[in-house]
Amino acid sequence: MRNILVVFALLLGVTSCAQVSDLASYSVTEQQLQQLMLRQLDQLTQQTRLAGMPVALAVEDMQVQIGPDNSDTVRLGTKASAVFSAFGLHYPASLQLQIEASPYYDGEQNAVFLRNLRLLDSSIDAAGYRGNLSPLSTEVLQLVNMWLQDQPVYRLDESDPTQRLLMQMPLNMAVQQGRIRFSPL
């Protein structure tokens, strides 16, 4: 009888561990990630120079796609404004960029960063000109890249029991269409 109880306890323990492994996963959706990034847009402003003229750049809006076309990337659509200053006059422009990046999980910070930014598309609308303006697109891409180097796009939350449990073990991060999923290794 005692041996049966020991075997039963071992089976229960193994089954519980397997169920905890299955239950202990967490996903971040595109909408959640976009809301978090939109709250931080005020940090995406910069004064720079382009062709010797001062330019104020600011990212105003951002759309997020996770795993588009079944890829392991995150795509960001950004809308930015630029104000050129020359001869005491200011010339406003609006820019749109499509950027793709690879998400990276940093286990020490329990955070997801975007690395390897790549410009997919850009357009500008300024004083009747519409088209592609590569130098300014590069400046905005550098601004977003500098921000993303230090700023995680998502950080696991210790106050959530599932996320707190996940933070206690080595994690696998998988990019799926519409979500980033965390699970134990």
Side-chain angles (χ1 to χ4, degrees), residues 2-45 59-80 96-122 137 140-185:
R2 183 175 241 174
N3 289 341
I4 292 174
L5 287 175
V6 169
V7 170
F8 179 72
L10 285 173
L11 286 174
L12 183 62
V14 168
T15 304
S16 296
C17 287
Q19 288 176 347
V20 166
S21 177
D22 289 340
L23 291 175
S25 69
Y26 181 76
S27 293
V28 178
T29 66
E30 288 175 348
Q31 294 81 15
Q32 290 171 310
L33 195 57
Q34 184 170 318
Q35 288 175 355
L36 289 169
M37 292 181 80
L38 287 173
R39 286 187 211 140
Q40 300 170 25
L41 283 184
D42 61 335
Q43 297 173 18
L44 281 171
T45 59
V59 176
E60 298 170 343
D61 192 22
M62 193 172 293
Q63 300 293 316
V64 176
Q65 287 182 298
I66 299 174
D69 306 320
N70 293 318
S71 67
D72 288 340
T73 61
V74 172
R75 196 169 289 163
L76 304 174
T78 63
K79 290 181 183 179
Q96 293 188 343
L97 299 176
Q98 190 82 3
I99 301 167
E100 193 169 71
S102 301
Y104 166 77
Y105 177 71
D106 183 327
E108 289 181 18
Q109 295 186 45
N110 296 311
V112 177
F113 292 86
L114 294 180
R115 301 283 188 247
N116 306 318
L117 264 66
R118 192 168 58 103
L119 181 63
L120 300 176
D121 190 27
S122 66
S137 298
V140 175
L141 183 62
Q142 288 176 349
L143 170 65
V144 173
N145 191 35
M146 286 187 320
W147 179 66
L148 290 173
Q149 285 178 359
D150 299 325
Q151 183 67 39
V153 293
Y154 187 78
R155 189 178 300 276
L156 290 175
D157 183 4
E158 287 188 27
S159 66
D160 180 286
T162 301
Q163 293 180 55
R164 186 174 52 245
L165 176 64
L166 286 170
M167 291 166 59
Q168 303 303 315
M169 54 189 82
L171 288 182
N172 178 46
M173 183 191 75
V175 177
Q176 301 170 338
Q177 193 165 11
R179 68 185 64 243
I180 296 174
R181 184 173 180 263
F182 300 94
S183 60
L185 284 178

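Both backbone and side-chain heavy atoms feed into the values below; hydrogens, waters and symmetry mates do not.
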Open item on the list: Minimum heavy-atom separation for D106 and E108, please, with both atom names.
Closed with: OD1-N, 2.9 Å
- [ ] Quick one: pull up CG in L185 and CE in M169 and give me the separation to the nearest 0.5 Å.
- [x] 10.0 Å
- [ ] Mark yes or no for whether Q163, through its side chain, and D157, through its backbone, hold a donor-acceptor pair below 3.5 Å.
- [x] yes
- [ ] State the CG-OH distance between L171 and Y105, to the nearest 0.5 angstrom.
- [x] 4.5 Å
Task: Nearest heavy atoms of P103 and T73, plus distance in Å - done: CD-CA, 4.1 Å
TODO: Let me see the working for L148 and L76 under side-chain contact (heavy atoms from CB on, under 4.5 Å), right down to the final yes or no.
DONE: CA-CA 12 Å; L148 290 173; L76 304 174; 4.2 Å; yes
Task: Nearest-0.5 Å distance that lies between atom CD1 in I66 and atom CD in Q34 - done: 9.5 Å
Open item on the list: Within the 4.5 Å heavy-atom criterion, are P152 and V112 side-chain neighbours or not?
Closed with: no
Task: Distance-only polar pair, side chains of S71 and D69, donor-acceptor under 3.5 Å - done: no
- [ ] Go through the steps for Q65 and Q98 under the test side-chain contact (heavy atoms from CB on, under 4.5 Å), then give the verdict.
- [x] CA-CA 11 Å; Q65 287 182 298; Q98 190 82 3; 4.1 Å; yes
Task: Under-4.0 Å salt bridge between E60 and K79 - done: no
Task: Contact summary for A111 and R155, nearest pair of heavy atoms - done: CB-NH1, 4.0 Å
- [ ] With rounding to the nearest 0.5 Å, note down the distance linking CG in L36 to CD in Q151.
- [x] 10.0 Å
Task: Minimum-distance pair of heavy atoms, taken over all atoms of T162 and D160 - done: N-OD1, 2.9 Å
Open item on the list: I need the L117 CG to M146 CE distance, nearest 0.5 Å.
Closed with: 12.0 Å
Open item on the list: For the CZ atom of R181 and the CD atom of Q176, what is their distance to the nearest 0.5 Å?
Closed with: 6.0 Å
Open item on the list: According to ring pair (Phe, Tyr, Trp, His ring centres under 6.0 Å), does anything in residues 60-79 pair up with another residue at least two apart or in another chain? List the pairs.
Closed with: none
Open item on the list: What verdict does the side-chain contact (heavy atoms from CB on, under 4.5 Å) test give for I180 and Y154, after you've listed the backbone C-alpha separation in whole Å, the side-chain angles of each residue and the deciding distance to 0.1 Å?
Closed with: CA-CA 10 Å; I180 296 174; Y154 187 78; over 6 Å; no
Open item on the list: Can you confirm whether L119 sits close enough to L97 that some side-chain heavy atom of one is under 4.5 Å from a side-chain heavy atom of the other?
Closed with: yes
Task: With P68, the side-chain contact (heavy atoms from CB on, under 4.5 Å) member among R75, E30, Q177 - done: R75
Open item on the list: Tell me whether R164 contacts the main-chain N or O of E158 through its side chain, where contact means a donor paired with an acceptor under 3.5 Å.
Closed with: yes
